[in-house]
Student: 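The following block contains the structure, expressed as structure tokens.
FYI, side chains are in, hydrogens and waters are out, and symmetry mates aren't considered; it's all heavy atoms of this structure. Here is how names work: the chains are called A, B, and so on, in the same order as the sequence lines, proteins then strands, and each is numbered from 1.
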Amino acid sequence: MEKLGIEPILLLTQVINFSILVIVLTKFLYKPILKMLDERKRKIEEGLALSREMATKKEELDRDREKVLDRAKNEGAKIIEEYKAQAKKMEAEIIASANEEAKRLKEKAKTDQEEEKKKMWSDLRKQLFILALEMSRKVVGEVLNDKAQRLILERKLKLLESEKRENVN
Amino acid sequence: MLHISLTAEKIAEIGGFPITNSLFTTWLVMGVLITLVFLTRSRLALVPSRFQVVMEGLVGGLYNLFESVTGERTKLYFPLVGTLFIFIIFTNWIGLLPGFGTIGFKMVQGGKEIFTPIFRSGNADLNTTFALALISVLTIQFFGIKTLGLTYFKRFLNLKSPVYFFVGILDIVSEFSKIISFAFRLFGNIFAGEVLLAVIAFLMPVIAPIPFLGLEVFVGFIQALVFSMLTAAFLSAATASGH
Amino acid sequence: MDEGLKMVAVGLAMGLGAIGPGIGIGLVAGRSIEAIGRNPDAEGKIRTNMILAIAFCEAVAIYALVIALILKFT
């Protein structure tokens, strides 16, 4: 054994050396690092679980938001429809009333015109009569006496009257 | 001339206590490891630095590796097998650094001048490997007894039949041969590697050693793995009930 | 004792002792690679077991090494 270099004291020293190494490494390297690895694993698992939870929550929220948006959209559309219908009704009413007004105004204008025409006609006839009388007096007065004058005038007037009646009718 | 020595050389002596070059290197490795440990420990944070990631990868990876052999009881065995792996691989690799086996001084011993290197890989010394083997095998027995109680000894002494009795004796022998094979496997591989490198460097010092250095890096890793994995396998075999 | 004869013995012990483990390691590695080829998913487990089996084979060579070392240095 001696020739192979084995010496009990050196052997013992190496045993002690290695034991010291085992103790130091265990206490200051393996335990803290394995603990740290475990803790990190736990933390990562927690984080993953949290992120999963968040994802599901977000999905829920998204779904909710979509629902609310849908409802709002539907309601808005309904309201717009309603207002459109109301507006159409109102439009029709306004148009109808305007038409009526216009018709009324037209009627009124027509009657006014007729009356004016009638009045114009009667004025015209009166003046014509006076003018005829004047003219006949001037022309006839020089030739006929009063009596004949009147006679003729009356006859003429009768004629005119009948003519006029014919005209009117 | 080529310097090959089976034993570690004494480089100093303090009060009758011999300090060999491999013991010196072992202390060096311990110093490096303990420094690394305290560097890691002092900056341990939940959000890791790059250095911490490396250390966590080392420890966590080793833990997973041994978990595939020892299962749930890894927590119990990890201090031993993990430290075995880390210590052996550091010692092996530190022995490949330039200067190991070449930096030294002449020492007069028995009237002759003998070259004595200051550094020698710790595992190229039977004291170190025997110490590791002893610790490993004794721990295996300890956990066997602790887990199985007195039934642990049944595998060594079984009087039910002559066949079992003989198998039991073989098992006793195999426990001792475990020490030998652990110690000499590691020593043989590392020592042979050093001799190989020394011979190659002696024959052709420039480019030729490079592939062999790569080989020795691999061997150093494999030996660390084999030593710790075998310990883990023996541990799980010793604590398994039923034979 | 004749020093030269001792050296021959050392060489023979190591050399002959390496034959068996060499064959054994070759078989183990070959079979493991076959197994990996057949079942690539189990590579990790096969590799671990292969290393353990190789270590056991190697133990025989180590006994030869021990004998050789003892012969040489005692």
Student: Report yes if the side chains of B/Pro48 and A/Met36 come closer than 4.5 Å at any heavy-atom pair, otherwise no.
Tutor: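 Result no, sub-4.5 Å side-chain heavy-atom pair not found.
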Student: Counting only heavy atoms not in A/Tyr83, do more than 12 sit closer than 6.0 Å to its OH atom?
Tutor: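 No, not enclosed.
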Student: Taking CD in A/Glu66 as the centre, count heavy atoms belonging to other residues, nucleotides or ligands within less than 6.0 Å. Is the count above 12?
Tutor: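 No, the 6.0 Å shell around CD holds no more than 12 heavy atoms from other groups.
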Student: Quick check on the interface: out of B/Leu44, B/Thr40, B/Val29, who has the most heavy-atom pairs with chain A under 4.5 Å?
Tutor: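 Most pairs with chain A among the choices: B/Leu44.
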Student: Donor-acceptor pair, A/Tyr30 side chain versus B/Tyr63 backbone, under 3.5 Å?
Tutor: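 Side chain of A/Tyr30 to backbone of B/Tyr63, a donor-acceptor pair under 3.5 Å: no, none is there.
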Student: Work out which heavy atom in B/Ile135 is nearest to a heavy atom in A/Ser19; give both atom names and the distance.
Tutor: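 Looks like CD1-OG, 4.3 Å.
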Student: Please classify the contact of A/Lys43 with chain B as side chain, backbone, both or neither, using a heavy-atom distance under 4.5 Å.
Tutor: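 The answer is the side chain of A/Lys43.
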Student: With chain B, which of A/Ile16, A/Val15, A/Ile20 has the greatest number of heavy-atom pairs at distances under 4.5 Å?
Tutor: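 Highest number of pairs under 4.5 Å: A/Val15.
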Student: Pick one of side chain, backbone, both or neither for B/Ile19, based on which atoms fall under 4.5 Å of a heavy atom in chain A.
Tutor: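 Contact with chain A involves no heavy atom of B/Ile19 at all.
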Student: With chain A, which of B/Leu46, B/Leu126, B/Val59, B/Val47 has the greatest number of heavy-atom pairs at distances under 4.5 Å?
Tutor: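 Looking at each option in turn, the highest pair count goes to B/Leu46.
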Student: Give a yes or no on whether the backbone of A/Leu29 and the side-chain of B/Arg41 come within a donor-acceptor separation of less than 3.5 Å.
Tutor: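 Flag not set: sc B/Arg41 to bb A/Leu29 has no pair under 3.5 Å.
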Student: To the nearest 0.5 angstrom, please state how far the OG1 atom of B/Thr20 sits from the CD atom of A/Glu7.
Tutor: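 If I round to the nearest 0.5 Å, the distance is 8.0 Å.
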Student: Just checking B/Glu13: does its CD atom have more than 12 heavy atoms from other residues, nucleotides or ligands closer to it than 6.0 angstrom?
Tutor: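 Yes, CD of B/Glu13 has more than 12 neighbouring heavy atoms, counting only those of other groups under 6.0 Å.
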Student: So for B/Phe191, is it side chain, backbone, both, or neither that comes closer than 4.5 Å to the heavy atoms of chain A?
Tutor: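 No part of it gets close to chain A.
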Student: Checking heavy atoms, do the side chain of A/Leu21, its backbone, both or neither come under 4.5 Å from chain B?
Tutor: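 Both backbone and side chain of A/Leu21 come within 4.5 Å of chain B.
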Student: Counting heavy-atom pairs under 4.5 Å with chain B, which one of A/Leu37, A/Val24, A/Asn17, A/Leu25 comes out on top?
Tutor: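 The option with the most such pairs is A/Asn17.
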Student: Ring-plane angle category for A/Phe18 and B/Phe87, please: parallel below 30°, perpendicular beyond 60°, tilted otherwise.
Tutor: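 A/Phe18 vs B/Phe87 ring planes: perpendicular.
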Student: Atom NZ of residue position A/Lys31 - does it have more than 12 heavy atoms of other residues, nucleotides or ligands inside 6.0 Å?
Tutor: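 No, the 6.0 Å shell around NZ holds no more than 12 heavy atoms from other groups.
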Student: Quick one: which of A/Ile9, A/Thr26, A/Leu10 has the most heavy-atom pairs under 4.5 Å with chain B, could you say?
Tutor: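 Most pairs with chain B among the choices: A/Leu10.
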Student: Between B/Phe187 and chain A, which part of the residue has a heavy atom less than 4.5 Å away: side chain, backbone, both or neither?
Tutor: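 No part of it gets close to chain A.
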Student: Count the heavy-atom pairs under 4.5 Å between each of B/Leu84, B/Leu58, B/Leu134, B/Thr129 and chain A, then report the option with the highest count.
Tutor: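 Sorted descending by pairs with chain A, the first entry is B/Leu84.
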Student: Between B/Thr128 and chain A, with a heavy-atom cut-off of 4.5 Å, which part of the residue counts as in contact: side chain, backbone, both or neither?
Tutor: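 Both parts, heavy atoms under 4.5 Å.
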Student: Please rank B/Ser22, B/Gly122, B/Gly60, B/Ala45 by heavy-atom pairs under 4.5 Å with chain A and give me the top one.
Tutor: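 Heavy-atom pairs under 4.5 Å are most numerous for B/Ala45.
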